[in-house]
There are 2 protein chains.
Amino acid sequence: MVKTQKRTLKTRAKLLEASENIVRSGGYENLRVEQVVAQAGVAKGTFFAHFKDKDSLMEALIGPRLHEFLDEIERRNAPASVDDLLNALRPIIQFAMSERYVFDVILRHSGAAAKAEIDPIAGAINRMGEVLAVWLANAPFRKDISPALLADGIGAFLFQALALHFCAIHNAQSIDERMRIYLNAWLLPSN
Amino acid sequence: MVKTQKRTLKTRAKLLEASENIVRSGGYENLRVEQVVAQAGVAKGTFFAHFKDKDSLMEALIGPRLHEFLDEIERRNAPASVDDLLNALRPIIQFAMSERYVFDVILRHSGAAAKAEIDPIAGAINRMGEVLAVWLANAPFRKDISPALLADGIGAFLFQALALHFCAIHNAQSIDERMRIYLNAWLLPSN
DNA sequence: TCAATAAATTGACCATGGTCACTTTCTTAA
DNA sequence: TTAAGAAAGTGACCATGGTCAATTTATTGA
């Protein structure tokens with residue numbers, strides 16, 4: 001067993017930097033592995049020695065973004081209302097909405113949440129559950145179910161609203177309005 | 001403008017039949033376009049004259065299956081309980097669970113539900129909303145929100161439960177048990 | 001300092017979905 | 001019946017993600 005060479009870290013950094021540049025100019029959707037390795041000045045094989053596949057690079061790019069949003073949420077006080085909650089979630093919603101491809105990547109990984117090898121996106125979604133659960137314990141919402149279950153539901157409705165956002169007809173209704181309806185029904189049932 | 005030639009229908013039928021054979025023996029995941037055209041005895045270009053892309057073939061294969069399940073649900077009486085509802089949904093759940101790839105395809109199209117050009121999967125998901133809505137109007141569940149919204153939520157939790165199914169850790173809990181918890185909380189809040 | 005070994009890198013090559021200019025087959029109107 | 005035009009079909013070719021045997025570079029123990 002030999003320690004990781006600093007060369008490795010350098011190469012990985014080059015790959016990530018090139019990727020970020022490409023995303024900055026053309027979005028996630030238009031990133032090509034060939035372009036990344038060209039800009040990073042390494043061979044294609046090197047890319048796949050650092051990332052299992054292209055999706056794995058996406059994890060490394062998108063995961064940290066999601067974690068930043070969660071950091072921000074964690075700093076807030078418990079939400080006092082559905083609108084308050086919605087405001088807190090808005091950065092995540094905006095980001096996931098920014099490109100269909102981004103939403104697809106997040107979706108693809110959401111199922112992997114909590115699998116053995118934690119990838120950054122799955123980890124973020126998992127963490128969202130935890131952050132929200134802690135947070136909801138002190139919120140003025142229904143108390144007949146656990147905060148963890150409340151959080152699960154919020155996640156489910158978030159994906160639902162985003163999925164419906166990316167379609168023509170349903171688009172008439174804004175994602176914001178849709179989320180408000182979902183969350184009111186989920187968090188404040190008046191049965 | 002000239003009417004569709006019967007040759008066209010024949011070719012499409014050959015492509016679908018070959019596809020179904022391949023799926024039968026190796027599952028959806030292992031279907032290759034090259035194999036389909038080889039078995040159907042047509043050129044590759046012909047495939048893409050009939051189907052926009054591979055995903056579009058998947059729509060044509062998976063969509064009808066979903067519609068069959070919905071036909072069956074439609075024939076049932078309104079559910080008398082969450083378990084009853086769950087029993088009705090089970091064939092869909094089983095099918096969506098059968099292969100990760102199948103779930104991915106459905107997921108990918110769910111966002112397209114109700115878009116202008118109705119594809120069979122999106123159409124099915126849309127129809128699921130309608131079928132459930134009609135159905136839920138006569139069910140003994142909460143009445144503070146519309147049947148359509150109830151149905152939306154069921155869809156959201158269905159995807160959530162399926163997504164979590166495809167991961168190692170959460171797998172301990174069966175999708176059935178998970179759905180029961182979700183549906184109880186959604187349909188019968190006791191706040 | 002020098003093998004020996006392990007880690008990192010390379011790039012030719014492959015797999016597979018998708019395109020398109022060209023050919024073949026069909027339909028229609030006179 | 002036939003010529004013109006439209007629809008259907010063809011297969012060589014491309015784009016892009018991914019593999020792997022061979023090579024280079026680093027580390028380690030003597």
Side-chain angles (χ1 to χ4, degrees), chain A residues 1-19 22-23 25-62 99-102 104-105 108-109 117 119 121, chain B residues 1-19 22-23 25-62 99-102 104-105 108-109 117 119 121:
Chain A
M1 177 55 179
V2 180
K3 72 172 179 183
T4 310
Q5 302 176 6
K6 57 177 178 288
R7 179 172 54 149
T8 308
L9 299 176
K10 223 170 180 173
T11 303
R12 189 187 157 95
K14 276 192 293 183
L15 287 169
L16 283 174
E17 201 193 318
S19 300
I22 293 168
V23 167
S25 62
Y28 291 88
E29 183 180 13
N30 296 307
L31 179 145
R32 296 286 170 276
V33 172
E34 306 251 18
Q35 204 184 346
V36 172
V37 297
Q39 201 163 316
V42 301
K44 205 176 191 179
T46 301
F47 178 94
F48 290 99
H50 285 259
F51 299 98
K52 182 181 170 299
D53 49 26
K54 186 181 171 180
D55 230 50
S56 171
L57 168 67
M58 288 302 165
E59 284 170 20
L61 295 174
I62 291 174
E99 283 178 54
R100 167 83 214 212
Y101 178 69
V102 170
D104 280 347
V105 171
R108 206 175 310 133
H109 287 260
E117 336 79 62
D119 79 64
I121 293 178
Chain B
M1 178 55 182
V2 179
K3 72 171 180 183
T4 310
Q5 303 174 7
K6 56 177 179 290
R7 179 173 51 149
T8 308
L9 299 176
K10 223 171 179 172
T11 303
R12 188 186 157 94
K14 275 193 295 182
L15 286 169
L16 284 174
E17 201 194 319
S19 300
I22 292 169
V23 167
S25 62
Y28 291 88
E29 183 181 13
N30 295 305
L31 179 146
R32 295 286 171 276
V33 174
E34 306 252 17
Q35 203 185 348
V36 172
V37 296
Q39 201 164 317
V42 301
K44 204 175 188 178
T46 301
F47 178 94
F48 291 99
H50 285 260
F51 300 97
K52 182 181 168 297
D53 49 26
K54 185 182 171 182
D55 229 50
S56 173
L57 168 67
M58 288 301 164
E59 283 170 21
L61 296 174
I62 291 175
E99 281 179 55
R100 167 82 213 213
Y101 178 69
V102 170
D104 280 346
V105 172
R108 206 176 310 134
H109 286 260
E117 337 79 62
D119 80 64
I121 293 178

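Quick note on labels: first sequence line is chain A, next is B, and so on, each numbered from 1.
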- prompt: Side chains of B/Phe51 and B/Leu15: does their closest heavy-atom pair fall under 4.5 Å?
  reply: yes

- line: Residues at least two apart in sequence or cross-chain that pass side chain to side chain contact (heavy atoms under 4.5 Å, CB included) with A/Glu17, listed by chain then number, are A/Asn21

- prompt: What is the distance, rounded to the nearest whole Å, between atom CG of A/Asn30 and atom C1' of D/dT16?
  reply: 13 Å

task: Under the side chain to side chain contact (heavy atoms under 4.5 Å, CB included) rule, collect the residues that match up with B/Val23, sequence neighbours excluded.
output: B/Tyr28, B/Leu31, B/Leu61

- request: Look at the side-chain N and O atoms of B/Thr11 and state whether any lies under 4.0 Å from the OP1 or OP2 oxygen of D/dG9.
  value: yes

field: Side-chain (B/Glu99) to main-chain (B/Glu29) donor-acceptor, under 3.5 angstrom
entry: yes

- prompt: Given atom CZ of B/Arg7 and atom P of D/dA7, what is their separation to the nearest angstrom?
  reply: 12 Å

- prompt: Taking atom C1' of C/dT9 as reference, at what distance in whole Å does atom CZ of A/Arg12 sit?
  reply: 17 Å

- request: Taking only the side-chain nitrogens and oxygens of B/His50, find out if one of them lies under 4.0 Å from OP1 or OP2 of D/dA8.
  value: no

query: Is the backbone of B/Ile22 close enough, under 3.5 Å, to the side chain of B/Gln39 for a donor and an acceptor to pair up by distance?
result: no

- prompt: Separation of B/Lys6 atom NZ from D/dA7 atom P, in whole Å?
  reply: 17 Å

query: So does B/Arg100 pair up with B/Asp104, basic N to acidic O under 4.0 Å?
result: yes

Atom pairs, N/O to N/O, protein against nucleotides 17-21 of chain C, distance under 3.5 Å?
unit_1	atom_1	unit_2	atom_2	d
C/dG17	OP1	B/Lys54	NZ	2.9
C/dG17	OP2	B/Val33	N	3.2
C/dG17	N7	B/Lys44	NZ	2.9
C/dG18	OP2	B/Lys54	N	2.7
C/dG18	N7	B/Lys44	NZ	3.4
C/dG18	O6	B/Lys44	NZ	3.0

message: Can you measure B/Lys10 atom NZ to D/dG9 atom P for me and round it to whole angstrom units?
response: 11 Å

